[in-house]
Structure formats: structure tokens, C-alpha cells
Amino acid sequence: MRIIKIFDTTLRDGEQSPGASMNVEEKLQVAKQLARLKVDIIEAGFPIASQGDFEAVKRISTEIKDVTIAALARARDEDIDRAAEALRLAEHKRIHTFIATSDIHLNFKLRMDREEVLDAAVRAVKRACQYTDDVEFSAEDATRSDWDYLCKIIEEVIKAGAGTVNIPDTVGYTIPQEFGELIEYLIGKVPNIDKAVVSVHCHDDLGLAVANSLTAVLRGAGQVECTINGIGERAGNASLEEVVMALKTRPKFFNADTRIVTEEIYKTSRLVSKITGMVVQPNKAVVGANAFAHEAGIHQDGFLKERSTYEVMRPEAVGIPQSKLVLGKHSGRHAFKARLKELGYELSEEDLNIVFEKFKRLADQKKHIFDEDIETLVSEEVSKIPETYSLVDLVVLSGLNQKPTATVTLKVGEKLIKKVEHGDGPVDATYRAIASITDTKSNLLKFEVKSITGGTDALGEVMVSLEEGGRTVRGYGADTDIIVASAKAYINALNKLATRRRVSL
Ligand code: KIV
Ligand code: ZN
């Protein structure tokens, strides 16, 4: 099986996404994670572009070993010297130099003719070779260049010492069949092509960057340039996770794989998203929030019987702990029952029917059904939460010149336990007393009070959210006395946590 090199350009082309710029520390953090992901090459920046880019390449070169660090340089002496200076301390360094080869770029941007561009490319590669024997040349806008001119320039830069020749689809213009033919044409036509690795670098303007990259691999490309989450200039670059997982999922088709530790993919995606502030769309392949979520009843049913019915790869393979069954209006009874079981409820068929009906009605009104909603449905309908703790008595003293004090008595198993606590207010004092009796390690995330009916005699309803060990539960309590309602809500949530703890033991 061929091993395809993964050249990650998240820190260079990815950073060119509008609004995605990263400071040196952030780039270093991403580079460390890319090293754990085991990309072959990290393109750390474009040193001549800014002092920040220079510093980032320098820091990454100093701190990250065991991976090749690349720096970008136009085909100009000063760019190449600056890139070499930034890379000086790298264990493995690559200078990546480029110049455009399409007539559009030559005429309107560079104002150079083909001979001048050829000379500049050869000169740049030779200069870069004075600093390192790992030099990459990119023919910018290759896919809109004359194919024979492209062959000529590729042949000459290989002669000059380039070990990698990159064919960028700079403006995301090509389509898979055409790009595959171009790669095959180059490999067939350039006489010394066997002295270099053919690389591809595709942009996603037509949504084809990954398809184009994979087609190029089928036609002989040995390196793919890509970014985490597909971030990059305009519509972005080929997404690393999609390229890698396509190769991993279809080994017989591609007869190619990468060295990527795929289990690090999700973590890397989250880190890049957090640092750049670029949110990953929920339906994004491989790393989106819904990539392993199933909502349709038929899908959920099939998935629960055999996961390969609706999943082509396992979430664990990309570092996502497990698939999610999203409960919504399309969900079936089978999935609903499975989720209840996970939450610790085993209902009789009769109770299950009642709760499932209620759930369907709620799902028609509400887009997202959370575990807490399901728990409320269950406790409202069949009240199966075992009462590990129950409120026996509550006396509260509070007032203008009074230090709030609560005396709480709970029944815990067969025992009555009483505690007195002070607090910043009557609810605080009550919660401290309950926390002390139950010895809870949970955190109070939310506390909401509302009145169910009008007037001063209104029934007050309290909702609390508690978190313990990554689990969140909601508790409800209602009473005409708002402090009692608060105590009931807290105890209700603590009982849910106690039930979940028992179920997961
Ligand atoms: O898209 C492009 O052509 C580039 C080159 C610098 C490789 O990013
Ligand atoms: Zn690019």
C-alpha cells in the first residue's frame, strides 16, 4: 500500500481564512497537536509576510521535532533567505517556494513572460537548496496553466533540486476528472518526475477540493496539502480529516493510506476551531456535531441492531467517544427505550407507551430534546426516580437584620439527618444544609424561579441544573413557599444523580 504524505497548511493557508489569524502561542499549540496527529509536514507560516509569521515559524522550528517544518517563500531571494532564517533551528526543514504559471497571473499580476517565470522558479529552487536539501516548488494556479508549459517548468525545477513539486488548484476551478488527467499527463510527460514527489493543493471554491485531491492520489500524487476543518483562503482548502478518512475507510479502492493517528483528529479539529473562532458546521463530514448522530427512526433502529447499517466509520476511529442517537420527532420507540435505559429507567410496556406518546408530542413543539426533558417526562408521568433523599422538615430564618439560617431535616435511607447552616440568603442557607447532609460533589449550574399562577399566593416553580462528573440533570420543585420549592428542586436533582450513579456502577 502506498503511503501518502500529509502536508498540513492550517497554520499558513488556513490562517489566511478571513478572521482566523492566530498569535505565536496559539500557532505553537496547534503545531504541537499536529505533531501528535503525525502529519508529515507542518507548513508553519510565510516568514517574509510579517514579523509574527517569522516568529511563529522560528518558535515552531525550535520546539517541534520529529516532523518536517515548512516555510513559504515567493520565488525571490529575500523571501527565501527570510524563510531559511526562520527555519534555522528546525530538525527537518523544508523551504516551499512558489510562483504563478498561468497566463492570467503572468499577464495581470506578475507582468512577466513565461521565460522570466521559468528563470525565477529555477533560481529560487537553487537558492533554497543552499539552505536545505528539502525544497518544494509550487506552480501557483497550475490548473489554469498551459499543460506543456507546466511540464517544462516542473522538469526544470526538479533539475534545479526540488524534491517535491506541487500542483495547486489555487482558485478551486478544476473538477476531479480533469485534475486526474492533468496529474497523469504530468507524470507521463515530465522525464525526471521520478526524482520528485508530486503534491496537490486544492481549494474548495466549487466544493471539490477533497474529491480533486483524492482523484489526484488515484492518478499518482504522493502528497496532499490540506488543513484541519478545511479552513483556508475563501471557501477553504481540502479538509485533512476528510482526505485521511476517505483513504482509511476505502483502503482497497485507493490502495493508499497515511501515517495520521486518526484518533487525534477530533481533538485537533476542536482545538483549531476554538483558537480560530471558526465554528465547524454541524453537518461537516468526519468532525461535525452531527457526523455520528442519527435521528431518523429507521436509521436509529438499524443502527441499534448493527451500527454498520448507517455508519461507514466508527466515531472512535477519529477520537469521538461514541455515536449519538438524537431524539427528535423522527425517532422511534426503539431508540427512545434505549436512551431511557442509558438514563437509568426501565419502564413497563404500559409506562413506556405513555411516556413515548408524551415525548412525540413534545418533539413536535420543541426542536431539541435533551436528556433532562426526557427525565422530566418520566418523572411527571410515572415518577420512577427513587427517593434516596426526601425532605422531612425545613425551617428558615431570614429578614432585614437577620443572618439567613436554615435548619433542614432529610430522610436518607432509614435515617433522619438534621443540619443547620448559614448563607448569603435563605436559599443559599438551605442549599448549604442539603449539600452538607448529602455530601454532594455536584455543581449548581442553573437556578430559575418562576411563578406558575398569579398573585402573592402563586405556586412557585423552581428549576435547577446540577453537574457531577460530566453528567447534567435538572430538578424541579413546586410549592407556594419559594424556599421549599427550591429545596424540593435541589433534592429532586440530587435523587436523579444518585439514580444515575447507581445505574453506571
Ligand atoms: O493556493 C495556492 O496556490 C497556494 C500556494 C502558495 C501553494 O497556497
Ligand atoms: Zn492555497
Side-chain angles (χ1 to χ4, degrees), residues 5-18 20-21 39-50 53 57 68-76 79-80 82-83 86 94-106 108-110 117 120-121 124-125 128 134-145 149-150 153-154 157 162-174 179 182-183 186 196-210 212-213 216 221-240 243 276:
K5 289 189 183 188
I6 294 295
F7 177 113
D8 180 276
T9 183
T10 306
L11 297 176
R12 199 278 298 169
D13 222 343
E15 208 219 7
Q16 286 174 218
S17 309
S21 60
V39 303
D40 297 280
I41 301 109
I42 296 175
E43 186 165 51
F46 189 1
I48 197 122
S50 72
D53 255 40
V57 175
T68 299
I69 310 298
L72 187 68
R74 286 167 300 183
R76 294 185 185 180
D79 279 38
I80 290 163
R82 191 80 173 139
R94 172 177 294 189
I95 295 180
H96 175 196
T97 185
F98 73 99
I99 191 163
T101 51
S102 67
D103 289 336
I104 304 178
H105 279 239
L106 265 61
F108 298 108
K109 185 182 86 174
L110 298 175
V117 166
V125 169
D134 187 349
V135 173
E136 171 170 334
F137 172 77
S138 282
E140 192 190 8
D141 206 18
T143 51
R144 292 191 300 170
S145 302
Y149 175 60
L150 193 57
I153 204 162
I154 294 298
V157 295
T164 305
V165 285
N166 186 36
I167 312 300
D169 182 28
T170 303
V171 287
Y173 173 73
T174 196
F179 195 49
L182 171 60
I183 299 301
L186 283 166
V197 173
V198 175
S199 168
V200 289
H201 174 116
C202 297
H203 280 267
D204 208 28
D205 300 66
L206 293 173
L208 294 169
V210 171
N212 286 331
S213 306
Q223 173 178 289
V224 174
E225 303 198 355
C226 42
T227 60
I228 300 296
N229 299 336
I231 63 170
E233 195 76 69
R234 306 180 311 280
N237 289 57
S239 128
L240 178 147
V243 169
T276 59

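We count ligands from 1, going down the list as the structure has it; atoms in each ligand are counted the same way. When a residue number appears, it is its place in the shown sequence, counting from 1. Only heavy atoms go into these numbers, but all of them, side chains included; no hydrogens, no water, no symmetry mates.
Between His96 and Phe7, the ring centre distance stays below 6.0 Å.
Below the 2.8 Å limit, the Zn ion (ligand 2) has as protein N, O or S neighbours Asp13 OD2, His201 NE2, His203 NE2.
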Show me the short polar-atom pairs for ligand 1: any N or O of it lying under 3.5 Å from a protein N or O, with distances only.
residue: ligand 1; atom: 1 (O); partner: His201; partner atom: NE2; Å: 3.2
residue: ligand 1; atom: 1 (O); partner: His203; partner atom: NE2; Å: 3.1
residue: ligand 1; atom: 3 (O); partner: Thr170; partner atom: OG1; Å: 2.6
residue: ligand 1; atom: 8 (O); partner: Arg12; partner atom: NH1; Å: 3.4
residue: ligand 1; atom: 8 (O); partner: Arg12; partner atom: NH2; Å: 3.0
residue: ligand 1; atom: 8 (O); partner: Asp13; partner atom: OD2; Å: 3.1
residue: ligand 1; atom: 8 (O); partner: His201; partner atom: NE2; Å: 3.1

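Contact between Ala20 and Thr276 at its shortest, heavy atoms only, is O-CG2, 3.8 Å.
We find that Asp79 and Arg82 are not joined by a salt bridge, their nearest charged nitrogen and carboxylate oxygen being 4.0 Å or further apart. Comment: Arg12 does not engage Glu225 in a salt bridge, judged by the lack of any side-chain N to carboxylate O separation of less than 4.0 angstrom. Here Lys5 does not pair with Asp40 in a salt bridge; the nearest charged N to carboxylate O distance is not below 4.0 Å.
For Asp13, the side chain to side chain contact (heavy atoms under 4.5 Å, CB included) partners at least two apart in sequence or on another chain are Thr9, Gln16, His201, His203, Glu233, Asn237. Applying the side-chain hydrogen bond (donor to acceptor under 3.5 Å, both in side chains) criterion to Asp169, with sequence neighbours excluded, gives Thr143.
In the model, Ser145 has no side-chain atom that pairs as donor or acceptor with a side-chain atom of Ser102 under 3.5 Å.
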Problem set entry | Chi angles and distances behind the side chain to side chain donor-acceptor pair (under 3.5 Å) call for Glu136, Thr164 | CA-CA 5 Å; Glu136 171 170 334; Thr164 305; 4.6 Å; no
